[in-house]
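Report on one structure; see the data block that follows.
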2 protein chains.
Amino acid sequence: MARDASTSVNRRTDIISAAIEVFAETGYYRATTAQVAQRAHISQPYVFRFFSTKEALLLAALEVSWSRMIDSFQQVVKSASPERLEAELITEYEKIMENHRNEILLQMQSQTIQEEAIQEATRNGFREVRQIILQAFREARIPQAEERTMLFLARGMLCNVADAISLPELKEGQGDGRGLLSLMDFFMNSY
Amino acid sequence: MARDASTSVNRRTDIISAAIEVFAETGYYRATTAQVAQRAHISQPYVFRFFSTKEALLLAALEVSWSRMIDSFQQVVKSASPERLEAELITEYEKIMENHRNEILLQMQSQTIQEEAIQEATRNGFREVRQIILQAFREARIPQAEERTMLFLARGMLCNVADAISLPELKEGQGDGRGLLSLMDFFMNSY
DNA sequence: ATTATTAGATAGTGATCAATCACTTACTAA
DNA sequence: TTAGTAAGTGATTGATCACTATCTAATAAT
C-alpha cells in the first residue's frame with residue numbers, strides 16, 4: 001500500500017490547506033471554490049469529491065485550526081513548570097500567530113459568521129482552549145485562575161486584532177515587567 | 001423648509017442604517033445591495049445614487065459606527081471623575097454593545113477584511129479610541145496608563161467575541177472586586 | 001487480457017449579484 | 001406655460017458562483 005502524493009487523504013489535506021489560505025486572504029464568502037482548487041492544483045469540481053459543500057470545507061479548515069491550537073497548548077501544559085506556565089503559553093501563542101497567521105484570521109472570521117454550524121465550531125474551540133488554560137492555571141496553583149484565564153484570552157484577542165489590521169501600537173503596554181506591582185499602589189490608595 | 005421623510009440626507013442615513021443591519025446579520029460579502037435597499041424601503045438601484053460602490057457604503061457604515069463609539073467615550077471622559085473613569089468607560093461600552101450590537105459586529109468583520117481602504121478605516125478607528133482612553137487615564141493620574149489602556153481594549157475585544165458567539169463563560173473572571181490584590185501575593189512570592 | 005476501481009478533468013447549469021440604463025412622476029422657479 | 005430638476009423605479013446585463021453530470025486515463029485485481 002504505497003503512500004504516494006496522490007492518496008485521497010493527502011488530497012484532502014491539500015484542499016484544506018489551500019482553503020485556509022484562500023479563505024483567510026479573500027474572506028470566506030468572497031473566496032471561490034475555484035481559487036481553492038487552483039491553490040491545491042486540482043480542478044474546481046474535484047473539491048466537491050471531498051467536501052459536499054463549501055461550508056463543510058470551512059468546518060474542516062476550522063477543525064484543523066482549533067486542533068493545532070489545542071494540541072500546542074496541551075503540549076506546553078504537560079511540560080512547563082508552574083512558574084513558567086503562563087509565559088510559555090504566551091510564547092506558544094506567538095509562535096502560532098507567526099507560523100499559522102491564516103488560521104488565526106480564519107478563526108476571527110468565523111466569530112462573525114452567523115451560520116449556526118460555524119458558530120458552534122467556534123464556541124467549541126474557545127471552550128476547549130479556555131478549559132485547558134484554566135485547568136493548567138489551577139493545577140499550577142495560580143491564584144484567581146479564572147481572572148488570569150480571562151486576561152490571557154483577552155490579550156490574545158487584542159493581539160489578533162492588532163496583527164490583522166497591522167496596528168502594533170494597539171498592543172503597547174504589554175509586559176513591562178512590573179505592571180502589577182505598581183498598579184497595586186494605585187488600588188491600595190483608591191479603595 | 002419642511003423636513004419631510006424624503007430629503008436626500010435622510011435617505012442617505014436610512015440606507016446606512018439598513019446596511020449596518022444587513023451587513024452585520026448576513027456578512028458584508030454575502031449581503032446584497034438588494035437586501036439593503038429592501039430594509040431601507042427603496043429600490044436596489046437607488047442605493048447607487050448615494051454610494052457609488054458597495055464598498056463605499058461599507059465605509060460609510062463603519063464611519064457611523066466608529067463615530068458613535070468615539071463620541072460616547074469623549075462624553076464620558078469629559079464628565080467622569082478620575083476614580084470612576086474606568087468603570088464608567090466600561091459601562092458606556094456595555095451600553096453600546098447592548099444598543100448597537102450590529103455596529104460592533106460590523107467592526108469585527110472589518111478587522112478581517114483585507115481591502116486596504118477598509119483596513120485603514122479600522123486602524124484609524126482603533127487608533128482614535130485608544131488615544132482617547134490613554135489620554136484620559138493619564139490625566140486621571142492612573143499609573144501604568146499604557147498597560148491599563150491595553151487591558152481595557154483587550155477585555156473589550158474578548159467581550160465582543162463572547163457576545164458574538166454567545167459564549168458568556170468566556171468573560172468569566174471579570175471584575176471579582178479584589179483580583180489585583182490577591183494576584184499581588186502570587187507575584188511577590190514568585191519573583 | 002479483461003474487468004473494476006480510483007483519481008481526476010471537461011463541460012455545463014441555474015441562480016445570483018453589482019452595477020447600468022432608460023424611463024416616469026412630481027415638484028419648483030421663471 | 002414652460003423649463004429644469006430631484007426622487008425614484010423596472011428591466012436588464014455581463015460576470016461570477018456553487019454545484020452537477022459525464023467522461024477519461026491509469027492502475028490494480030482477477
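Labels below follow one simple rule: chain letters A, B, ... track the order of the sequence lines, proteins then strands, and each chain is numbered from 1.
Listed for the A:Thr26 side chain is a donor-acceptor partner under 3.5 Å among the backbone atoms of A:Val22.
Atom C1' of nucleotide D:dA25 and atom CD1 of A:Ile42 are separated by 18 Å, given to the nearest angstrom. Here the C1' atom of nucleotide D:dA7 and the CD1 atom of B:Ile15 are 12 Å apart, to the nearest Å. With rounding to whole Å, A:Arg12 atom CZ is found 17 Å from C:dT6 atom C1'. Distance B:Leu58 CG to C:dA18 P: 13 Å, rounded to the nearest Å. Nucleotide C:dA9 holds its C1' atom 13 Å from the CZ atom of A:Phe50, rounded to whole Å. Whole-Å rounding puts the A:Arg30 CZ to D:dA18 C1' distance at 17 Å. When the P atom of D:dA18 is taken as reference, atom CG of A:Leu57 falls 10 Å away, rounded to whole Å. Per the geometry, NZ belonging to B:Lys54 stands 19 Å off P belonging to D:dA15, to the nearest Å.
If you find the closest nucleotide of DNA chain D to B:Gln44 and to A:Glu55, the one lying nearer the 5' end belongs to B:Gln44. Of the two residues contacting DNA chain C, namely B:Thr53 and B:Arg49, the nearest-nucleotide position lying further toward the 5' end is that of B:Thr53.
For C:dA18, one of the phosphate oxygens OP1 or OP2 lies less than 4.0 angstrom from a side-chain nitrogen or oxygen of B:Thr33. Contact check, A:Tyr46 against C:dG8: a side-chain N or O comes under 4.0 Å of OP1 or OP2. One finds no side-chain N or O of B:Arg11 lying less than 4.0 angstrom from the OP1 or OP2 phosphate oxygen of D:dA7.
Of the inter-residue distances, the one linking B:Ile118 atom CD1 with B:Gln109 atom CD reads 10.5 Å to the nearest 0.5 angstrom.
Ion pairing between B:Glu21 and B:Arg101 fails under the 4.0 Å rule for side-chain N and carboxylate O.
Here C:dC21 is the nucleotide among C:dA18, C:dC21, D:dA18 with the atom lying nearest to any side-chain atom of B:Pro45. Between C:dA18, C:dA9, D:dT20, one nucleotide has an atom nearer to the side chain of A:Phe48 than all others, and that is D:dT20.
In this structure, A:Ser43 reaches the bases: a heavy-atom distance under 4.0 Å links it to at least one base atom across the strands shown. A:Ala31 comes within 4.0 angstrom of sugar-phosphate atoms only, judged by non-hydrogen atoms across all strands, and of no base.
Cation-pi geometry between B:Lys54 and B:Phe48 is not satisfied (NZ or CZ under 6.0 Å from the ring centre, within 45° of the ring normal).
Applying the side-chain contact (heavy atoms from CB on, under 4.5 Å) test between A:Met157 and each of B:Asn160, B:Val161, B:Leu153 identifies B:Val161 as the sole match.
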